[in-house]
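First comes the structure, then the notes that go with it.
Within every chain, numbering begins at 1; the chains are lettered A, B, ... in the order of the sequence lines, protein sequences first and strands thereafter. Excluded from the calculations below are hydrogen atoms, water molecules and symmetry mates; all remaining heavy atoms, backbone and side chain alike, are included.
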Amino acid sequence: MSAQYTLYSRLGMVFAIGGLAWAALQTYILHSFGFEWYVAGMDSLVSVVPLAASCWLIDNNLRYYQPGKGSYLNLLIWCVVLACLSTLAIRWTLPFLNLGQAHRVFLLQSLTLRFFTSFLAIGWMAMISLIWYVQQDQKENEKRKAEAEQLARDAELYNLRQQLQPHFLFNSLNSINALIGFKPEEARKMIHQLSDFLRGTLKKDDQKQVPLSEELQHLNLYLDIEKVRFGHRLQTEISCDDHCNEAMLPPLLLQPIVENAIKFGLYDTTGQVTISIRAEIEDKYLVVMVQNPYDPQTARPHHGTGFGIRGIQRRLYLLFARNDLVETYLNDDIFTIMIKIPQV
Amino acid sequence: MKRVLIIDDEPLARMVVLEYLQNFSNEIQVLQECGDGFEGIKAIMQHQPDLIFLDVQMPKINGFEMLELVEHPPQVIFTTAFDEYAIKAFETHAVDYLLKPFSRERFNKAIEKYLAQAGHTPSPKPTEALLEAAAQSPAQHERIVVKTGTKVKIIPVHDIEYLAADDDYVSIFTPEGSFLKNKTMSFFEQTLDPRHFARVHRSYIVSISQITRIDPYEKDAHLAILKSGARIPVSKAGYVKLRQVLGI
């Protein structure tokens, strides 16, 4: 609101300065016709008042109402009418100032000229206002659109991140419940891991990328908890070059992928399950591969196109506007998902 | 003395049940712990327990599917973290369901409820109604679990060519052969997705994507020819239904 007020007060000042400049110019021109400075000045000051009023009127009108494409003719008529009115006003007010016979004759002779200059000035004002306000409106629209998009994106990303399964949380609490009985120290450790993990999922800002080392640290918390839950059945292999550690990626991108891998790995087979995670830098991409075993005979239908992977695809699309950053492969009994994160 | 099994894929989850059961060491004896549904089936057949503690989400086959494969299912107390279907199904039919993590008090209540019931009704109530309810869980729409001899076979629904009534059983025909399941035709008619399966005859349900041709056959009747070459009789009512689904 205050920004708008300052904008309008600035506009008023520009208006006043413009009016005075116009009057000064007219004074100079009249003086060059041979009138005294006083006569020229009075004429100019009086005639600039209806002109300024017309300009203000047309500007004000356009501020709140922009004519559609078909009504530009209306605007033109308005300009003509306003020019007529201001010329008439000058015609009937100036004689009262008794500026002399010569001036009176000049006034009548110059009425047509005065009309056209007024018309041009008002028309010019109308044009400037029109362009200015249309642009202003457009800017606002764009801003609103951008804001709406941002909001929608935030909400969507938030939703995609909310894939943390209640299953995981409740089952972890159940494991803690078991540990409390006979391994209280381990129970305590698991509570801390779980808290750190949950805190890590909450505070992340989606727009800010994080280094891979940080993401892996978070992932390790998750894996440690899952290992307590599933005992010897779950093994993990993480390999990551040293220079990969500084590679940047959107926060919490890997966790749902690994969660998916664990879910399918552990629930599709009955033996020991090894989840492997490998990170490499290739060209200008950070490439992360996650593999899990699965049983091609009994794999649930739609495996690999489940919400987990679709969610990741959507998220990468929202962040990078690209659809080719996620690839999945099925061979023999290993399911591989590969994601590429562009590095800048 | 009641004999029980604990079936859960998470060792610590089994540990909680074991620990809580120590209070009932005079009434309840734990026979075995099982880490998945297959072990569960084997142990149930071997021991014929009175009661099982059963998790729903387990490797390969879930708790419902395991129960389906057991001929005389024992009484069940479900222990599950979060499963809206389980809750829906077992609010009415199971002895009890325990939401993980559960307290000792809650657990004791479940056991006392079971012991009280067992005192009144010596033969355990059949778990049929419970299974009917469990059939609404989404896994049931995606695959069918059958037993062939001692082996468990998981048939993804999209592998099914057709189903045929076979006395008290239903034969499920797939490219790998046919499998028997002790369910009724109307059970499958209700659970299979009507967009992909149609009951074209009193004794046949056919996968629509498998049909290559429909030929007229005798008066009012038709024959559906499947990709595999199988010829499935289509009744008058079945033909009307098929035309509806196929939009012809």
Exercise for review: Provide the full list of ring-ring contact (aromatic ring centres under 6.0 Å, His included) pairs with a residue in residues 224-261 of chain A, sequence neighbours left out, each pair given once.
Suggested key: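 Those involving residues 224-261 of chain A do not exist here.
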Hey, what do you get for [atom1] ([X]) to [atom2] ([Y]), rounding to the nearest 0.5 Å?
X	Y	atom1	atom2	value
A:L266	B:M58	CG	CE	13.5 Å
A:L179	B:L12	CG	CG	4.5 Å
B:K60	A:Y267	NZ	OH	14.5 Å

Just distance, no hydrogens or angles: give the donor-acceptor pairs under 3.5 Å from side chains in residues 15-24 of chain B, sequence neighbours left out.
from  : atom 1 : to     : atom 2 : distance (Å)
B:E19 : OE2    : B:R104 : NH2    : 3.4
B:Y20 : OH     : A:N177 : ND2    : 3.2
B:Y20 : OH     : B:F102 : O      : 3.2

Near [X] [atom1], under 6.0 Å, is it more than 12 heavy atoms from other residues, nucleotides or ligands?
X	atom1	value
B:K113	NZ	yes
B:R106	CZ	yes
A:Q217	CD	no

Check your understanding: Could you go step by step and tell me if A:F170 and B:L99 meet the side-chain contact (heavy atoms from CB on, under 4.5 Å) rule?
Key -> CA-CA 9 Å; A:F170 288 129; B:L99 283 178; over 6 Å; no
**Study point:** B:P11 side chain near A:R229 side chain, heavy-atom distance below 4.5 Å
**Key:** no
**Study point:** Engaged part of A:L173 at the chain B interface, taking heavy atoms whose separation is under 4.5 Å
**Key:** both
Review point. For A:T269, is it the side chain, the backbone, both, or neither that has a heavy atom closer than 4.5 Å to a heavy atom of chain B?
Key: backbone
Practice item. Check the pair A:N171 / B:E10 against side-chain contact (heavy atoms from CB on, under 4.5 Å), numbers first and verdict last. Key: CA-CA 9 Å; A:N171 278 316; B:E10 292 184 33; 3.6 Å; yes
